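Taking it in order: structure first as structure tokens, then the write-up.
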Amino acid sequence: QVQLVESGGGLVQAGGSLRLSCAASGRTFGGYGLGWFRQAPGKERDFVARINWSDDYYANSVKGRFTISRDNAKNTVYLQMNSLKPEDTAVYYCAARWGPSDSDAERYDYWGQGTQVTVSS
């Protein structure tokens with residue numbers, strides 16, 4: 001069982017930055033593929049970024065602005081978000097699955113509670 005707790009969300013002006021953190025329980029953190037997803041009001045949960053041991057992947061909408069990273073010693077995954085836009089406003093969720101990460105939310109077994117990111121214009 002893995003428990004995930006996100007933090008770092010908030011209100012920021014367009015063009016600003018935020019760093020989200022997701023702390024995980026468990027002793028085998030390094031074996032999990034990790035992902036960040038987001039859900040805006042009235043919309044489906046969308047893929048944002050994912051990471052395996054060292055390789056990372058991004059949705060086209062955030063490529064070049066967001067960076068996912070992980071610190072296996074701290075059992076934490078991060079999402080650095082730069083050049084934020086109003087359309088980035090959403091609840092952001094981290095997710096974990098045993099094995100390689102995936103862009104499909106349905107393939108993840110563990111989810112955090114979400115953290116709100118609001119970008120004002």
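Since we're looking at a predicted model, the values are computed, not measured. By convention here, the first residue in the shown sequence is residue 1.
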- Task: Show your working on salt bridge (charged side-chain N to carboxylate O under 4.0 Å, His left out) between R70 and D56 and close with a plain yes or no.
- Result: CA-CA 10 Å; R70 64 190 296 168; D56 51 350; over 6 Å; no
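- For the pair T115/V91, no side-chain contact is recorded, criterion being any heavy-atom separation below 4.5 Å from C-beta on.
- For Q3, the CD atom counts as loosely surrounded, since its 6.0 Å shell holds 12 or fewer non-hydrogen atoms of other residues, nucleotides or ligands.
- The CD atom of Q13 lies 13.0 Å from the OG1 atom of T118; values are rounded to the nearest 0.5 Å.
- Using a 4.5 Å heavy-atom cutoff, the side chains of Q80 and S17 are in contact.
- Of the inter-residue distances, the one linking D88 atom CG with S61 atom OG reads 7.0 Å to the nearest 0.5 angstrom.
- V77 and V2 end up in the same hydrophobic cluster when Ile, Leu, Val, Met, Phe, Trp and Tyr side chains are linked at under 4.5 Å.
- When every heavy atom of V62 is checked against every heavy atom of V48, the shortest pair comes out as CG2-O, 3.5 Å.
- Under the 4.5 Å side-chain heavy-atom criterion for ILVMFWY residues, no single connected hydrophobic cluster contains both V5 and I51.
- If you chain together hydrophobic residues whose side chains sit under 4.5 Å apart, W111 and V117 never meet in one group.
- Checking F29, Y110, Y108, Y78 one by one against L34, the side-chain contact (heavy atoms from CB on, under 4.5 Å) holds for a single residue, F29.
- You'll find the side chain of E87 stays beyond 4.5 Å of the side chain of V119, heavy atoms only.
- Looking at C94 and Q113, their side chains never come closer than 4.5 Å, going by heavy atoms from C-beta outward.
- A donor-acceptor pair shorter than 3.5 Å can be found between the side chains of N52 and S101.
- Between F37 and F47, the ring-plane angle classifies as perpendicular under the 30° and 60° cut-offs.
- Relative to the ring axis of Y32, R97 does not place its NZ or CZ within 45° and under 6.0 Å from the centre.
- Side chains of Y58 and N60: no donor on one and acceptor on the other come within 3.5 Å.
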- Trace of the side chain to side chain contact (heavy atoms under 4.5 Å, CB included) decision for L84 with L18: CA-CA 8 Å; L84 282 161; L18 283 174; 4.2 Å; yes
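- The shortest distance between side-chain heavy atoms of W36 and M81 does not fall below 4.5 Å.
- Relative to the ring axis of Y93, R45 places its NZ or CZ within 45° and under 6.0 Å from the centre.
- At least one side-chain heavy atom of R65 sits under 4.5 Å from a side-chain heavy atom of K85.
- Residues W98 and L4 are members of one and the same hydrophobic cluster, defined by side-chain heavy-atom contacts under 4.5 angstrom among Ile, Leu, Val, Met, Phe, Trp and Tyr.
- Nearest heavy-atom pair, A40 versus A90, reported as atom, atom and distance to 0.1 Å: N-CB, 3.8 Å.
- In this model, a donor atom of one side chain and an acceptor atom of the other lie less than 3.5 Å apart for R50 and S103.
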- Message: Please determine whether side chain to side chain contact (heavy atoms under 4.5 Å, CB included) holds for the pair Q39 and D46, giving the CA-CA distance in whole Å, both sets of side-chain angles, and the decisive distance to 0.1 Å.
- Response: CA-CA 6 Å; Q39 188 166 20; D46 290 332; over 6 Å; no
